[in-house]
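See below for the structure under consideration.
Keep in mind that what you see is a predicted model, and the values were worked out from it rather than measured. One-based numbering, in listed order, for ligands and for the atoms of each.
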Amino acid sequence: MSFSSEFDSLALAELSAFSQNATAADVEAALARSGTSGKRLSLADFAALTSPKAAEPPYLEALARQSHNLTRKHFGRVMRFFAPLYVSNECINICQYCGFSRDNPILRVTLTVEQVATEARYLREQGFRHILLVAGEHPHFISDNYLRDCVARLHAEWPSISLEVGPLETEQYVPIVQAGAEGLVVYQETYDRGVYDAMHVSGPKKDMAWRLDTLERGYAAGFKRLGIGALLGLAPWRNEAIALAAHAAHLLRRCWKAQLTISAPRLRPAAGEFEPLVNMNDRELVQFICALRLAFPEVGLVLSTREPAKLRDNLVPLGITMMSAGSHTEPGGYTGQGRAELHVTKGGRMVKPPTPLIESEGEHATVQFEIADNRSPAEVAARLGEMGYETVWKDWESVLNEA
Ligand code: SF4
């Protein structure tokens, strides 16, 4: 059964209610079961760990301690680095929270395969060996053939290539996997049906079930690493956390040969000036990350440059195992590639000034969102070194395979 089929039968409303009303005894029982039984925590345990009660002293401190110990046990003092490489900011979807949304009159560009290779070379010189190719969803500019060609061009120099692009059919993924891609990342954004429908105004992304099942289609095509996440700021985070945990548990059962990672991205300012519908403070983010670690001790937890440097440093010992650094969220952002192809679209059609443009830096393509940690990769690695962590610039399995 695919996750979209299972989704409606999950008792998410009941679990959310249980989380809201969880008692000290519920939290203590979940804490006692974590890391001791050798079995995964139940969704009810996870709901208790993400409850308001578990955010209170002394429970959050206990959660953090246990999360730290489990992370150290399963991952050591190692942080894997990856670099996002935006290949296109074209998109046919209207997503209210995203700078690339079709209705935003922004500067757009799709890099040629050679321009992608130039950006990748810059990242390789920074030390990265794990790259994440990112794009909006546009079958004309970002076709499956284009993605396959990008992967094939990079494959010889990049031991680990992942994609974060619009969902495709299994048969469209197969040539991309054969060209050398091994990771597929798809954030569901929100698991709340009402909010999902309101946020995704038009375009293929409006089909929630199609997106829910994307990673299973990717797994069927041969992807070895799967990444999920919810965009925090659209719906109450505790509800999102429970649904995300259900999704993770489903994928661990169904796609058991793949490695799973989970991301916890909070909304950042972007073109369109969308404001978060709900807030999640830093303490709540800590609780979410620690609860994920207790429920999924061996799953990689990812933190991007959406979060500021100090908070990122503080989250490292608590459960994070994978980070980006020095990121750009616009195509051509690392080397200035693609400026010659810049154009402006609104509603999917080319428009000309005086249509007001979202402010962008000179002639660069517009960013998807603003980053908050502006340190270079070397600076982040140096700080991790001071904290006693070793930076691994490629994915763990790639290291093992080469050993
Ligand atoms: S979130 Fe993705 S699909 Fe939606 S507008 Fe942005 S790039 Fe396009």
Side-chain angles (χ1 to χ4, degrees), residues 84-111 116 132-144 146-147 150 162-169 172 184-192 195-215 217-218 227-235 240 244 263-277 304 306 324 327-333 338 343-349 358 360 364-371:
L85 193 170
Y86 279 68
V87 300
S88 175
N89 61 1
E90 296 283 356
C91 198
I92 52 170
N93 292 303
I94 296 183
C95 305
Q96 298 217 32
Y97 48 83
C98 179
F100 293 172
S101 184
R102 193 184 77 187
D103 57 344
N104 283 336
I106 62 167
L107 292 164
R108 311 249 178 197
V109 68
T110 301
L111 301 181
V116 171
L132 174 70
L133 302 182
V134 187
E137 180 170 3
H138 201 304
H140 174 67
F141 292 100
I142 316 144
S143 67
D144 41 334
Y146 167 78
L147 292 169
C150 288
S162 297
L163 301 181
E164 186 181 342
V165 299
L168 299 172
E169 297 280 6
Q172 292 176 293
L184 183 64
V185 176
V186 183
Y187 297 160
Q188 189 58 33
E189 322 294 15
T190 174
Y191 291 87
D192 181 308
V195 176
Y196 190 95
D197 200 46
M199 288 297 102
H200 302 105
V201 176
S202 72
K205 194 166 177 178
K206 208 163 174 55
D207 184 345
M208 185 171 174
W210 166 250
R211 194 167 186 87
L212 280 173
D213 293 338
T214 307
L215 286 162
R217 294 196 300 276
I228 58 172
L231 187 56
L232 302 167
L234 299 179
E240 299 284 40
L244 182 67
S263 299
R266 288 194 291 187
L267 262 169
R268 293 282 304 150
E273 297 180 356
F274 180 83
E275 289 292 327
L277 303 178
S304 76
R306 286 172 180 267
S324 52
S327 304
H328 278 267
T329 68
E330 74 277 35
H343 57 271
V344 184
T345 58
K346 184 168 196 277
R349 291 191 304 277
I358 302 298
S360 68
H364 288 283
T366 309
V367 299
Q368 188 183 30
F369 56 85
E370 293 173 16
I371 65 168

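Here the straight-line distance linking atom NZ of Lys205 with atom CD of Glu137 works out to 7.5 Å at 0.5 Å rounding. To the nearest 0.5 Å, the span separating CD on Glu164 from OH on Tyr86 amounts to 6.5 Å. Taking CZ of Arg217 as the start and CH2 of Trp210 as the end, the distance is 3.5 Å to the nearest 0.5 Å. With values rounded to the nearest 0.5 angstrom, Thr190 atom OG1 is found 9.0 Å from Leu277 atom CG. Atom CZ of Phe141 is separated from atom CG of Asn89 by 10.0 Å, given to the nearest 0.5 angstrom.
Under the 3.5 Å distance criterion, with hydrogens and angles disregarded, no donor-acceptor pair is assigned to the side chains of Gln96 and Ser101.
Excluding waters, the set of protein N, O or S atoms lying under 2.8 Å from atom 8 (Fe) of ligand 1 comprises Cys91 SG.
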